[in-house]
Amino acid sequence: MIETVRGMCEALAAERAAGRTIALTPTLGALHDGHLSHLDRAAELADVMVVSIFVNPTQFSDAADLDKYPRTLEADLLALGAAGVHYVFVPTVEEMYPDGPTQTVVTAGRVGTLFEGASRHGHFDGVLTVVAKLLDIITPNVATFGQKDAQQLFLVRRMVRDLNLPVRIEAIETVREADGLALSSRNRFLDTNQRRAARSLSIALEAASSSAERGLDATLAAAQGALMGESLVQLDYLKIVHPQTFMPVDDGHHGPAIVILAAMLGTTRLIDNEPIYLG
């Protein structure tokens, strides 16, 4: 475990000097099997696995949400050790932001203000800024990001292209519970009834996928129908976006698309998505 930027840079400089390649998996901690699935792929792609654990304050627009985010460092370190991770970078807020929030910020553009960005103002600017900092500190050959956070994955890939960053972004498929609910560090906050109702999110995505050949309207209607009657699910958005632009598809769109949704169950926010082929 390394806590300082200088220590991390020095350790990895030695690895690179020895000719080893590096994979980075950035996390906020509170690790689950979804996070650990990244490491299987990282081990295939690079010689050295690095996991960062940092609850980044600049991506939380709600101070209460930041305070509530689970911190399970001891358990995380045990899991990462068992998985064969070589380095865990665990900086403090003061180490990452020694002068307070940075005056230089990577902005997410229009897509960053939609969907998750509309409900969490400034969230993606905070995400991209800290990811840029981590990529600069670690300088990995490859970095893994989860498909479950589809909008984040899109924006990170766009940042890497726009800024010509020398790193490969590897998407890792969503890992689900046996009943289909996507794994999330926030699932632990659901009570028994909310956990049962949360299953409707993946059911809605399954319904959308099954109806995709009938076009946009039928796909949305199928997903909305699957959510009807779940009073504990307060839908924030349900949209179908183009994978190349992450903007809503046109009515007559035929081809690849992604169904994205977000909902509140009590005070817990859950997101999910499913790639489909419309028409």
Side-chain angles (χ1 to χ4, degrees), residues 32-35 37-38 41 111 114-120 123-124 144-157 170-266 268-279:
H32 50 65
D33 286 346
H35 295 108
S37 70
H38 288 231
R41 184 60 176 147
V111 172
L114 304 175
F115 316 125
E116 284 304 290
S119 298
R120 304 168 68 184
H123 168 68
F124 287 116
T144 65
F145 286 83
Q147 179 63 48
K148 185 178 80 71
D149 296 296
Q151 190 174 5
Q152 172 180 278
L153 174 61
F154 171 85
L155 289 169
V156 168
R157 279 177 161 162
E170 181 77 5
I172 305 299
E173 289 187 9
T174 302
V175 178
R176 299 182 179 277
E177 300 279 8
D179 65 357
L181 179 65
L183 292 185
S184 170
S185 301
R186 299 176 186 271
N187 289 352
R188 69 191 68 198
F189 298 132
L190 302 173
D191 64 28
T192 301
N193 290 329
Q194 291 167 345
R195 175 61 184 80
R196 176 197 54 77
R199 168 73 175 110
S200 64
L201 302 185
S202 59
I203 292 175
L205 294 176
E206 292 167 5
S209 182
S210 297
S211 302
E213 65 181 14
R214 295 190 286 131
L216 178 63
D217 290 343
T219 302
L220 288 171
Q224 290 165 346
L227 294 169
M228 290 180 63
E230 283 293 353
S231 60
L232 296 181
V233 176
Q234 299 178 0
L235 187 66
D236 182 356
Y237 60 79
L238 169 64
K239 300 290 183 181
I240 300 179
V241 299
H242 197 293
Q244 299 302 316
T245 65
F246 222 84
M247 298 295 289
V249 298
D250 297 329
D251 290 343
H253 177 77
H254 292 274
I258 307 173
V259 187
I260 60 172
L261 59 77
M264 296 295 296
L265 289 92
T268 302
R269 181 180 184 83
L270 298 181
I271 62 173
D272 206 346
N273 69 88
E274 181 71 24
I276 62 171
Y277 193 94
L278 278 176

Tell me which donor-acceptor pairs under 3.5 Å the side chains of residues 236-244 have, and how far apart each pair is, sequence neighbours excluded?
from : atom 1 : to   : atom 2 : distance (Å)
D236 : OD2    : S119 : OG     : 2.5
D236 : OD2    : R269 : NH1    : 3.0
D236 : OD2    : R269 : NH2    : 2.8
Y237 : OH     : E116 : OE2    : 2.7
H242 : ND1    : Q244 : N      : 3.0

Partner residues of S211 under the side-chain hydrogen bond (donor to acceptor under 3.5 Å, both in side chains) criterion, sequence neighbours left out: R214
Which heavy atom in H253 sits nearest to a heavy atom in P256, and how many Å separate them? NE2-O, 2.9 Å
Considering non-hydrogen atoms only, spot the tightest contact between F115 and F246 and give its length. CE1-O, 3.4 Å
So CG of L265 and CG of L201: to nearest 0.5 Å the spacing works out to 6.5 Å
Listed once per pair and sorted, the salt bridge (charged side-chain N to carboxylate O under 4.0 Å, His left out) pairs that draw on residues 250-265, sequence neighbours left out: none
Nearest atoms (heavy-atom pairs only) where T174 meets Q147: OG1-C, 3.8 Å
Separation between CG of L261 and CG of N273, rounded to the nearest 0.5 Å: 8.0 Å
How far apart are the closest heavy atoms of L235 and A262, and which atoms are they? CD1-O, 3.4 Å
Please enumerate all residues that pass salt bridge (charged side-chain N to carboxylate O under 4.0 Å, His left out) together with E230, with sequence neighbours excluded. R196
Does H38 have any ring pair (Phe, Tyr, Trp, His ring centres under 6.0 Å) partners at least two apart in sequence or in another chain, and if so, which? none
Contacts under 3.5 angstrom, residues 180-188 side chains, donor-acceptor by atom type, not counting sequence neighbours:
from : atom 1 : to   : atom 2 : distance (Å)
S184 : OG     : R186 : N      : 3.1
S185 : OG     : A30  : O      : 2.9
R186 : NH1    : D65  : OD1    : 2.9
R186 : NH2    : D65  : OD2    : 3.4
N187 : ND2    : A182 : O      : 3.0
R188 : NE     : S185 : O      : 3.0

Taking S209 for its side chain and E206 for its backbone only, find out whether a donor-acceptor pair lies under 3.5 Å. no
Closer than 3.5 angstrom, by distance alone: can the side chain of Q152 be matched with the main-chain N or O of G146 as a donor-acceptor pair? no
